[in-house]
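Worth saying up front: this structure is predicted, and the values here are computed from it rather than measured.
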Amino acid sequence: MNKVLILALAVAFSLQADAQKYFTRTGFVSFFSSTKMEDIKAENNKVASVLDASTGDVEFTILVKSFVFEKALMQEHFNENYMESDTYPKSTFKGKVENMSSVKIGTAGTYNVKVSGDLTMHGVTKKVTTDATFTVKDGKLSAASTFYVNPKDYNIAIPSVVQENISDKIEVKVLLNLDEMKK
């Protein structure tokens, strides 16, 4: 009898654990650089992300060439000269929502969390810690965060000719609308 109970609990737990995973393939990441010379903005709405709500584990994959700029020449320079997208085609983040247990996925509300992990960009991996907000509304889960990166930290060389055009403090915004993974 105990074996049946243990097996039933194991099956129920595994089903619950599966129901705790959320994903998107249409996440949004933008970056913004502002200097006296010019503002540079790019957006990417092809961001893949998975969140395991039972553990707080979170991962992102961003195809660098999917960033879209207002000016085609900026996009070309970004991919060829700065990010070297053919050599480093994607950026990734692998980390953890440190206080995921404070997010009540079944209860509407806004929950402030801390996210930390490894951001890999241009072949360089750095630790990143930032605040994020999870929102539960109408049974849907969304997440948002803003943080800053310095191109030099990721060995992104900025030619001296345009150095004053690109900030050393790039604002990065992440917006995700996550769907529950179904079997």
Q | Interatomic distance, Asn81 atom CG to Asn79 atom CG [nearest 0.5 angstrom] | A | 9.5 Å
(Q) Take a 6.0 Å sphere around NZ of Lys96 and say whether it holds more than 12 heavy atoms from other residues, nucleotides or ligands. (A) yes
Q) Under a single-linkage definition using a 4.5 Å side-chain heavy-atom cutoff for Ile, Leu, Val, Met, Phe, Trp and Tyr, are Met74 and Met37 assigned to the same hydrophobic cluster? A) no
(Q) For a quick test of reading the model, state the closest non-hydrogen atom pair linking Thr146 to Thr130 and the distance between them. (A) O-OG1, 3.2 Å
Q: Mind listing the closest non-hydrogen atom pair of Phe67 and Val29 along with its distance?
A: CE2-O, 3.6 Å
**Q.** Aromatic contact, Phe69 with Phe31 (centres under 6.0 Å)
**A.** yes
Q) Is there a side-chain contact between Val115 and Val58, using heavy atoms and a 4.5 Å cut-off? A) yes
(Q) Quick check for you: to the nearest 0.5 Å, what is the distance between Tyr22 atom OH and Asp52 atom CG? (A) 10.0 Å
Q. Between atom CD of Glu59 and atom CZ of Phe23, what is the distance when rounded to the nearest 0.5 Å?
A. 15.0 Å
**Q.** Closest contact, heavy atoms only, Ser34 versus Asp39
**A.** OG-OD1, 2.8 Å
(Q) Working to the nearest 0.5 angstrom, can you tell me the gap between Arg25 CZ and Ser49 OG? (A) 12.0 Å
Q. Going by atom types alone, do Thr125 and Thr120 pair a side-chain donor with an acceptor below 3.5 Å?
A. yes
Q.
Can you tell whether the side chains of Lys41 and Glu43 come within less than 4.0 Å, N to carboxylate O?
A. yes
Q.
So that I can tick it off, tell me whether Asp118 and Lys126 are bridged by a salt bridge, with the cut-off set at under 4.0 angstrom between side-chain N and carboxylate O.
A. no
Q: Indicate, with yes or no, if Val103 and Leu175 share a hydrophobic cluster defined by side-chain heavy-atom contacts under 4.5 Å among Ile, Leu, Val, Met, Phe, Trp and Tyr.
A: no
Q) Taking all non-hydrogen atoms of both residues, which atom of Glu164 and which atom of Thr35 are closest, and how far apart? A) O-OG1, 3.1 Å
Q. Looking at side-chain heavy atoms only, is the closest gap between Val113 and Ser102 below 4.5 Å?
A. yes
Q | salt_bridge(Asp57, Lys94) N-O dist < 4.0 Å | A | no
Q. If you measure from the Lys or Arg side-chain nitrogens to the Asp or Glu carboxylate oxygens, is any gap between Lys152 and Asp168 under 4.0 Å?
A. no
Q) NZ of Lys127 to OG of Ser116: how many Å apart, nearest 0.5 Å? A) 7.5 Å
Q: Supply the atom-to-atom distance Lys114 NZ to Asp131 CG, rounded to the nearest 0.5 angstrom.
A: 4.0 Å
Q. If every non-hydrogen atom of Ala143 is compared with every non-hydrogen atom of Phe134, which pair is closest and at what distance?
A. CB-CE2, 3.9 Å
Q | Met181/Val50 under side-chain contact (heavy atoms from CB on, under 4.5 Å): CA gap, chis, key distance, verdict | A | CA-CA 9 Å; Met181 280 187 162; Val50 175; 4.2 Å; yes
Q) Hey, would you say the His122 and Tyr88 ring centroids sit under 6.0 Å apart? A) yes
**Q.** Least distance between heavy atoms, Leu141 atom then Ile105 atom
**A.** CD2-CD1, 4.3 Å
Q.
So Ile158 and Tyr82, do their side chains get closer than 4.5 Å, heavy atoms only?
A. yes
Q | Flag side-chain contact, heavy atom, 4.5 Å: Phe147 against Val174 | A | yes
